[in-house]
Asker: 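For reference, the structure I am asking about is given below.
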There are 2 protein chains.
Amino acid sequence: MDIQLKRGLLDACVLAAIKDEDSYGYQIIKDMKPYLELSESTLYTILKRLETAGMLTVKSVEHEGRLRKYYHITRQGLGRIEEFKEDWKEIESIYRFITREDARNE
Amino acid sequence: MDIQLKRGLLDACVLAAIKDEDSYGYQIIKDMKPYLELSESTLYTILKRLETAGMLTVKSVEHEGRLRKYYHITRQGLGRIEEFKEDWKEIESIYRFITREDARNE
DNA sequence: TGGTATACATCGTAACGCGAAGTATATCGC
DNA sequence: GCGATATACTTCGCGTTACGATGTATACCA
């Protein structure tokens, strides 16, 4: 898929991946894979950005000797998803503009 | 609208604006305005990029003493729009992932 | 004469995705 | 026992891109 197109979906998609249940990096990538593939470097950059923006909180948990960072969505993060839904209406209108048939033949 | 979301639509949208009839910068901005607003600097950057990529061709025409650059879509440009349509299927699937109801309550 | 519309161009900046490389542990096949 | 693979997170640098600011130039209207 076109990278530019992907960009606009990434933040909302990551937030959606943790919205029902706290999750961690590796798991998020696996959950998103059927819909949208992203590299680790991309995900961790996004998670850091969303944390800074107050969209999620982080909690480190010991798991089999290793550190695991669990991400929890905040009210702001849920709001971000709602914003995406609002934007979606505009996107659909743009989609119709792009895919419309030749206006001269209508 | 979210800038990142806009990014993925811009190229296809500009191509769609000239696909039925050759057009020029100022006119393209006006045609797109109801759907997607963009600044002149952004549009001319995009047009230059699409030209380099072979998606459109340019023809300078004298108009009331001033130079006007008409843009004409190529077969490649039309192909780019078709690609967008293909990507759209994936985007819809991602949209459903983002807006799905809590899986634990289903 | 000043404001607005038309029309295109260039520069610098900041945001962002991502490949590459690194660190570290656990598990599994040979 | 040892290499491969999976898990898990981090950092760096690069290239692409949208856009504000600014500039140039003409036409028209009040």
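Below, chains carry the letters A, B, ... as their sequence lines are ordered, and counting in each starts from 1. All heavy atoms count here, side chains included; hydrogens, waters and symmetry mates do not.
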Asker: Quick one: is A/Tyr24 getting a side-chain N or O under 4.0 Å of the D/dA8 phosphate, OP1 or OP2?
Answerer: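 So the side-chain polar atoms of A/Tyr24 do come within 4.0 Å of the phosphate oxygens OP1 or OP2 of D/dA8, strictly under.
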Asker: Check this one for me: any side-chain N or O of A/Thr42 less than 4.0 Å away from OP1 or OP2 of C/dC18?
Answerer: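 Indeed, a polar side-chain atom of A/Thr42 lies that close.
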Asker: D/dA25 P sits how many Å from B/His63 NE2, rounded?
Answerer: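 From B/His63 NE2 to D/dA25 P: 19 Å.
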Asker: Using a heavy-atom cut-off of under 4.0 Å over every strand shown, decide if A/Gln4 touches base, sugar-phosphate, or nothing.
Answerer: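 If one applies the 4.0 Å heavy-atom cut-off, A/Gln4 turns out to touch the sugar-phosphate alone, with no base involved.
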Asker: Check the phosphate of D/dC9 against A/Arg66, side-chain N and O only, distance under 4.0 Å to OP1 or OP2. Yes or no?
Answerer: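 Answer no for this pair, as no side-chain N or O of A/Arg66 is under 4.0 Å from OP1 or OP2.
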Asker: Taking for each residue the nucleotide of DNA chain D with the nearest heavy atom, is it A/Lys30 or B/Asp11 whose nucleotide lies nearer the 5' end?
Answerer: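 In this pair, the answer is A/Lys30.
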Asker: Is there a side-chain polar atom (N or O) of B/Arg7 under 4.0 Å from OP1 or OP2 of D/dC19?
Answerer: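 Checking D/dC19 against B/Arg7, no side-chain N or O comes under 4.0 Å of OP1 or OP2.
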Asker: Atom CG of A/Leu43 to atom P of D/dT11: distance rounded to whole Å?
Answerer: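 In whole Å, D/dT11 P lies 14 Å from A/Leu43 CG.
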Asker: Check whether any side-chain heavy atom of B/Leu9 lies under 4.5 Å from a side-chain heavy atom of A/Leu5, and answer yes or no.
Answerer: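 Yes - at least one pair of side-chain heavy atoms lies under 4.5 Å apart.
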Asker: Measure CG/A/Asp2 against C1'/C/dC16 and give the value in whole Å, please.
Answerer: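 A/Asp2 atom CG is separated from C/dC16 atom C1' by 14 Å.
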Asker: Does A/Glu92 pair with A/Lys89 as a salt bridge, N-O distance under 4.0 Å?
Answerer: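 Salt bridge flag = no for A/Lys89 with A/Glu92.
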Asker: Starting at CG of B/Leu47 and ending at P of C/dA7, how long is that distance when rounded to a whole Å?
Answerer: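 B/Leu47 atom CG is separated from C/dA7 atom P by 14 Å.
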Asker: In whole angstrom, what separates A/Ile29's CD1 from C/dC18's C1'?
Answerer: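 That distance rounds to 12 Å.
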Asker: Return the value, rounded to whole Å, for the distance between atom CD1 of A/Ile46 and atom P of C/dG19.
Answerer: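 My rounded result for the distance is 13 Å.
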Asker: Is the closest side-chain donor-acceptor distance between A/Thr42 and A/Ser39 under 3.5 Å?
Answerer: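 A pair is found: one side chain offers a donor N or O, the other an acceptor, under 3.5 Å apart.
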Asker: Assess whether a salt bridge exists between A/Lys48 and A/Glu51, defined as any Lys/Arg side-chain N lying under 4.0 Å from an Asp/Glu carboxylate O.
Answerer: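 Answer for the salt bridge query: no.
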Asker: Determine whether any donor atom in the side chain of A/Ser41 lies under 3.5 Å from an acceptor atom in the base of C/dG19, or the reverse, and answer yes or no.
Answerer: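 Yes.
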Asker: So does A/Lys48 get a side-chain nitrogen or oxygen closer than 4.0 Å to the phosphate oxygens (OP1/OP2) of D/dC9?
Answerer: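 No, no such contact exists.
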Asker: From A/Tyr24 OH over to A/Lys69 NZ, what is the distance, rounded to the nearest 0.5 angstrom?
Answerer: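 Taking OH in A/Tyr24 and NZ in A/Lys69, the distance rounds to 15.5 Å.
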Asker: Please state whether the phosphate of C/dC8, meaning OP1 or OP2, lies under 4.0 angstrom from any side-chain nitrogen or oxygen of B/Tyr44.
Answerer: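 For C/dC8, OP1 or OP2 has a side-chain N or O of B/Tyr44 closer than 4.0 Å.
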Asker: Out of D/dC9, C/dC8, C/dC18, which has the shortest distance to the side chain of B/Tyr26?
Answerer: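 Given the options D/dC9, C/dC8, C/dC18, the side chain of B/Tyr26 is closest to C/dC8.
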Asker: How long is the line joining CD1 of A/Ile28 and C1' of D/dT7, in whole Å?
Answerer: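 My rounded result for the distance is 14 Å.
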Asker: As a test of reading the structure: which of C/dA9, C/dC18, D/dC19 is closest to the side chain of B/Tyr71, going by heavy atoms?
Answerer: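 Nearest to the side-chain atoms of B/Tyr71, counting from C-beta on, is C/dA9.
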Asker: Could you check how far CG of A/Leu50 sits from C1' of C/dA15, rounded to whole Å?
Answerer: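 That distance rounds to 14 Å.
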Asker: Check whether any side-chain N or O of A/Lys6 sits under 4.0 Å from OP1 or OP2 of C/dC16, and answer yes or no.
Answerer: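 So the side-chain polar atoms of A/Lys6 never come under 4.0 Å of the phosphate oxygens OP1 or OP2 of C/dC16.
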Asker: Please tell me which of the listed nucleotides, C/dA7, D/dC9, C/dG19, lies nearest to the side chain of A/Ser39?
Answerer: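 The answer is C/dG19, which lies nearest to the side chain.
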